[in-house]
Amino acid sequence: MSRGGGGEGARAATPAVRTSDGSGSADSSGASGAASGAENKVPRVRRSPTERRAQIALAAEAIAKEEGLDAVTLRAVAGRAGMTPALVAHHSESMDALVATTFTAVVSVELAEMQELARSDEHASVAEALVAVLDGSIDVTRADVDLVWVHAWALGARNPLLAQAVREQSDAWREFLTTLIQRGVAAGEFACADPRSVAAQVLSMIDGLNAHLLVSWQESDQRLFLLARSVEALVEAPQGTLTSLLHRGGV
């Protein structure tokens, strides 16, 4: 006996079903189901290398801000971006490079915001602009960026690319503060003879206070008052020039 031959045996393999008008027809549920599955299947989107790199960058930045820079790992980025670790590795120069560029992307936004704050027309004096920058730079709402900085200092000891990025961003902050202090000197509000050295000292205090913020050492009002009072002396402004402008109160 042949397999799948013609005749009654073949017809029996496909049972008839009764239609609404009473007529019989072959069962087509298997074929229609397959067709329906094909129609409902979501087409796979093929993204360009540029789009993939952008996905990876956004995923890494989100992880860094939520969990810290040390959480930016190959598996974590792949999971956030919805890719395989192999695909992330394929579109990344290296994990060291990805961590370094992620650091730069996160902290450069903060610096741009501080620069915009200093340029605001709302400030009646350079002293007011400087107080606004000091306040904004140690604000508790920026704790996510503070954590990225702290992790970068530690991780940079083993990641030369990250260390370079940290130096570049620190230089950018120093130049920003130097320019702001020079404006105060030109306006006759400050009298320091070496704005660049003072800017480096101010930046060191900001960094230290932000590390304190992460472990909630001292109240935010205390940190701001002590910073303003110290900076006031460094820029050689008359006593009270900066501290009298604080809206949060001193200690």
V185, T241, I181 screened by side-chain contact (heavy atoms from CB on, under 4.5 Å) with V235, the one that passes = I181
ask   = Do D139 and T141 have a side chain donor and acceptor closer than 3.5 Å?
value = yes
Could you list the donor-acceptor pairs under 3.5 angstrom formed between side-chain atoms of residues 102-111 and any protein atom two or more places apart in sequence or on another chain?
unit_1, atom_1, unit_2, atom_2, d
T102, OG1, L98, O, 2.7
T104, OG1, A100, O, 3.3
S108, OG, T104, O, 2.7
S108, OG, A105, O, 3.3

task = Can you sort out the partners of R158 under salt bridge (charged side-chain N to carboxylate O under 4.0 Å, His left out), two or more places apart, ordered by chain and number?
result = none
inquiry  = Just so I know, are the side chains of S220 and F225 near enough to count as touching, which here means a heavy-atom distance under 4.5 Å?
reply    = no
query = Is the shortest side-chain N to carboxylate O distance from E232 to R229 below 4.0 Å?
reply = no
task = Report the distance from atom CG of D70 to atom CD1 of I63, rounding to the nearest 0.5 Å.
result = 11.5 Å
ask   = Do you know which two heavy atoms are closest between A60 and V72, and how far apart they sit?
value = O-CG2, 3.7 Å
note = CG of L161 to CG of D96, rounded to nearest 0.5 Å, is 6.0 Å
message = How close do G156 and A163 get, counting heavy atoms only, and between which atoms?
response = O-CB, 3.5 Å
request  = Would you mind listing every side chain to side chain donor-acceptor pair (under 3.5 Å) that reaches into residues 120-132, with sequence neighbours excluded?
outcome  = none
inquiry  = Could you check whether any side-chain N or O of Q169 sits under 3.5 Å from a backbone N or O of V166, counting only pairs where one atom can act as donor and the other as acceptor?
reply    = no
note = Shortest non-hydrogen pair, E236 vs A193, comes out as OE2-N, 4.3 Å
request  = Treat each ILVMFWY residue as a node, draw an edge where side-chain heavy atoms are under 4.5 Å apart, and state whether L227 and L203 are in one component.
outcome  = yes
key: Pairs touching residues 161-189 that satisfy ring-ring contact (aromatic ring centres under 6.0 Å, His included), sequence neighbours left out   = W173-F176
message = Filter on side chain to side chain donor-acceptor pair (under 3.5 Å), then keep only pairs touching residues 190-206, sequence neighbours left out; what's left?
response = E175-R196, D194-S197
request  = Compute whether any side-chain donor of one residue and acceptor of the other, for E168 and Q164, lie under 3.5 angstrom apart.
outcome  = yes
query = Which heavy atom in A64 sits nearest to a heavy atom in V148, and how many Å separate them?
reply = O-CG2, 3.6 Å
Partners meeting salt bridge (charged side-chain N to carboxylate O under 4.0 Å, His left out) with R183 (sequence neighbours left out) = none
request  = Could I get the full list of side chain to side chain donor-acceptor pair (under 3.5 Å) partners for H91, not counting sequence neighbours?
outcome  = none
ask   = Looking only at heavy atoms, which two atoms of L130 and L180 are closest? And how far apart?
value = CD1-CD2, 3.7 Å
key: Side chain proximity check, W217 to R223, heavy atoms < 4.5 angstrom   = no
Residues which pass side-chain contact (heavy atoms from CB on, under 4.5 Å) with V131, listed by chain and number, not counting sequence neighbours = L242, L245, L246
inquiry  = Test: salt bridge (charged side-chain N to carboxylate O under 4.0 Å, His left out). Region: residues 53-65. Which pairs qualify, not counting sequence neighbours?
reply    = none
inquiry  = Assigning hydrophobic clusters by single linkage (Ile, Leu, Val, Met, Phe, Trp, Tyr; side-chain heavy-atom cutoff under 4.5 Å), is V99 placed with L58?
reply    = no
remark   = d(L162 CG, L155 CG) to nearest 0.5 Å is 6.0 Å
Enumerate, atom names and distances included, each donor-acceptor pair closer than 3.5 Å involving a side-chain atom of residues 205-216, sequence neighbours excluded.
unit_1, atom_1, unit_2, atom_2, d
N210, ND2, S137, O, 3.0
N210, ND2, D146, OD1, 3.4
N210, ND2, I206, O, 3.3

Can you give me every donor-acceptor pair (side chain of residues 73-81, partner residue at least two apart or in another chain, under 3.5 Å) with its distance?
unit_1, atom_1, unit_2, atom_2, d
T73, OG1, A76, N, 3.2
R80, NH1, E66, OE2, 3.4
R80, NH2, E66, OE1, 2.9

inquiry  = Give me the atom names and distance for the closest heavy-atom approach of L226 to Q218.
reply    = CD1-OE1, 3.7 Å
query = Do the non-hydrogen side-chain atoms of I56 and S92 ever get within less than 4.5 Å of each other?
reply = yes
note = dist E67:CD -> D144:CG (nearest 0.5 Å) comes out at 12.5 Å
message = With heavy-atom distances below 4.5 Å as the criterion, would you say the side chains of L134 and V202 are in contact?
response = yes
note = By ring pair (Phe, Tyr, Trp, His ring centres under 6.0 Å), F190 pairs with (sequence neighbours left out) none
